[in-house]
Amino acid sequence: LIHGWMGDSSMWGADASGNTKLTSFDGIQAIAIDCRGHGKSGKPYDSAKYGEEMAEDIVRLLDHLKIRKAHLVGYSMGAFIAAKVAATHPERVASIIYGGQAPLIAGGKPSGSKEVEVFAKAVESGKGMGSYVLAVTPPERWKLTPAQADSLANFMFKGKDLKAFAAAGRSFDRLEVDLKDLQKCKAPSLFLYGSKDSDHLKSRVAELRVELADVQVRVIEGADHVTAPGKAAFGSAIVEFLKAHLRTSGTY
């Protein structure tokens, strides 16, 4: 289980105190990682320490746990990381779920988001993160004043290492993969996202659905990029997909 940018392993399950708590069931062993720069993992400020190294961290963890092959479930940034693992270590992948994002294909369409650079520049300015909140908040959801945005940002990012988040985000281009390398991974895959997610993402998924083998798509009705993981249908889709591929993958 590979979380999204500025998140941590607790997105997959937490106790009353907010600590990561996972449940294994029906033969599925759930393993979650705090990606470097996030959660309780190390937080270098050099962007060169991220990118492909985040994908290699997944393989290092599998080696440490003596796991030959695993089912990868990534959300947002985690989907980029899962794709990089699939392209560089296809023999370690039993299946892949790309949640809320699609692989970054070299020479193809970019992620479609300018959020990272807006965030990084706000961090560098030292004037607070209100400008970032205003830039990424859809006006139809909330109409915020600058003061309200600053207050919300202070609440959202309290205790977080923003410089580490910025360094990680600026490395995303190094999670790009060559399509031919990704095609070498024959593991079944699922694209899982909300019906209100961006048209840009939907077009990227449609293109990859043609290029990759054994691809499924599930759409969470009424959900967007932020709300999709909290929907019951999101978790159900993950469990259903994993159960369908456990026996055929040799990981059951």
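Each residue takes its place number in the sequence, starting with 1.
- The number of heavy atoms from other shown groups lying within 6.0 Å of NZ (Lys21) does not exceed 12.
- Using a 4.5 Å heavy-atom threshold, the side chains of Val93 and Val85 count as touching.
- In this structure, the side chain of His38 engages the main chain of Arg36 through a donor-acceptor pair within 3.5 Å.
- In Lys163, the NZ atom is not crowded: 12 or fewer heavy atoms of neighbouring residues, nucleotides or ligands sit closer than 6.0 Å.
- Here the OG atom belonging to Ser189 is positioned 9.5 Å from the CD1 atom belonging to Ile97, to the nearest 0.5 angstrom.
- To the nearest 0.5 Å, atoms CD (Gln183) and CG (Leu212) are separated by 6.5 Å.
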Exercise for the section: Carefully, step by step, assess Phe191 and Leu208 under the rule side-chain contact (heavy atoms from CB on, under 4.5 Å). Expected result: CA-CA 10 Å; Phe191 288 96; Leu208 287 171; 4.1 Å; yes

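- Under 4.0 Å is where a charged nitrogen must lie from a carboxylate oxygen, and between Glu53 and Arg60 at least one such pair does.
- Between Ile67 and Leu61 the shortest side-chain heavy-atom distance does not fall below 4.5 Å.
- Atom CE of residue Met129 and atom CG of residue Asn154 lie 10.5 Å apart, to the nearest 0.5 angstrom.
- Of the inter-residue distances, the one linking Lys143 atom NZ with Leu134 atom CG reads 12.0 Å to the nearest 0.5 angstrom.
- His245 and Ser95 share no donor-acceptor pair across their side chains, judged by distance under 3.5 Å alone.
- Residue Leu242 is grouped with residue Leu22 when hydrophobic side chains (ILVMFWY) are merged at heavy-atom distances under 4.5 angstrom, including chains of intermediate members.
- Checked by atom type and distance alone, the side chain of Asp181 never pairs as donor or acceptor with a backbone atom of Val177 at under 3.5 Å.
- A donor-acceptor contact shorter than 3.5 Å is absent between the side chain of Asp34 and the backbone of Asp8.
- Salt-bridge check for Arg204 with Glu211: failed, with every basic side-chain N at 4.0 Å or more from each acidic carboxylate O.
- One finds no salt bridge joining Lys186 and Asp214 here, because no Lys/Arg side-chain nitrogen approaches an Asp/Glu carboxylate oxygen to under 4.0 Å.
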Exercise for the section: Kindly indicate, with the supporting measurements, whether the criterion side-chain contact (heavy atoms from CB on, under 4.5 Å) is fulfilled by Ile31 and Gln29. Expected result: CA-CA 6 Å; Ile31 302 167; Gln29 179 187 12; 4.1 Å; yes

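- Ion pairing between Arg170 and Glu117 holds under the 4.0 Å rule for side-chain N and carboxylate O.
- Under a 3.5 Å cut-off, the side chain of Ser171 and the backbone N or O of Arg174 do not form any donor-acceptor pair.
- Looking only at side-chain heavy atoms (C-beta outward), Ile220 and Asp197 stay at 4.5 Å or farther from each other.
- Taking the side chain as every heavy atom from C-beta outward, Trp5 and Val116 approach each other to under 4.5 Å.
- His225 contributes a side-chain N or O that, together with a main-chain N or O of Gly100, makes up a donor-acceptor pair within less than 3.5 Å.
- Here the side chain of Thr227 pairs no donor or acceptor atom with the backbone of Ala223 at under 3.5 angstrom.
- For the atom pair CD1 (Ile58) and CG (Leu72), the distance works out to 7.5 Å, reported to the nearest 0.5 Å.
- No side-chain heavy atom of Lys69 sits less than 4.5 Å from a side-chain heavy atom of Arg92.
- For the atom pair Ser131 OG and Lys121 NZ, the distance stands at 11.0 Å (nearest 0.5 Å).
- Between Gln148 and Leu152, every side-chain heavy-atom pair lies at or beyond the 4.5 Å cut-off.
- Val226 and Leu144 are assigned to two separate hydrophobic clusters, defined by single-linkage of ILVMFWY side chains at heavy-atom distances under 4.5 Å.
- Taking the side chain as every heavy atom from C-beta outward, Tyr45 and Asp161 approach each other to under 4.5 Å.
- Looking at Thr20 and Ser10, their side chains never bring a donor and an acceptor atom within 3.5 Å of each other.
- For an aromatic pair to be called close, the ring centres must be under 6.0 Å apart, and Phe234 with Tyr75 satisfies this.
- A donor-acceptor contact closer than 3.5 angstrom is absent between the side chains of Tyr193 and Gln101.
- Taking 4.0 Å as the cut-off between side-chain N and carboxylate O, Glu240 and Arg218 count as a salt-bridged pair.
- For Ser236 (side chain) and Ala232 (main-chain N/O), a donor-acceptor pair under 3.5 Å exists by modelled atom type.
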Problem - Full working for side-chain contact (heavy atoms from CB on, under 4.5 Å) between Trp12 and Val73 - result: CA-CA 10 Å; Trp12 305 107; Val73 182; 3.9 Å; yes

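- Lys84 contributes a side-chain N or O that, together with a main-chain N or O of Glu176, makes up a donor-acceptor pair within less than 3.5 Å.
- Salt-bridge check for Asp63 with Arg68: failed, with every basic side-chain N at 4.0 Å or more from each acidic carboxylate O.
- Checked by atom type and distance alone, the side chain of Ser47 pairs as donor or acceptor with a backbone atom of Ala167 at under 3.5 Å.
- With hydrogens and angles disregarded, a donor-acceptor distance shorter than 3.5 Å links the side chain of Lys43 to the backbone of Ser41.
- Glu115 places a side-chain heavy atom less than 4.5 Å from the side chain of Met6.
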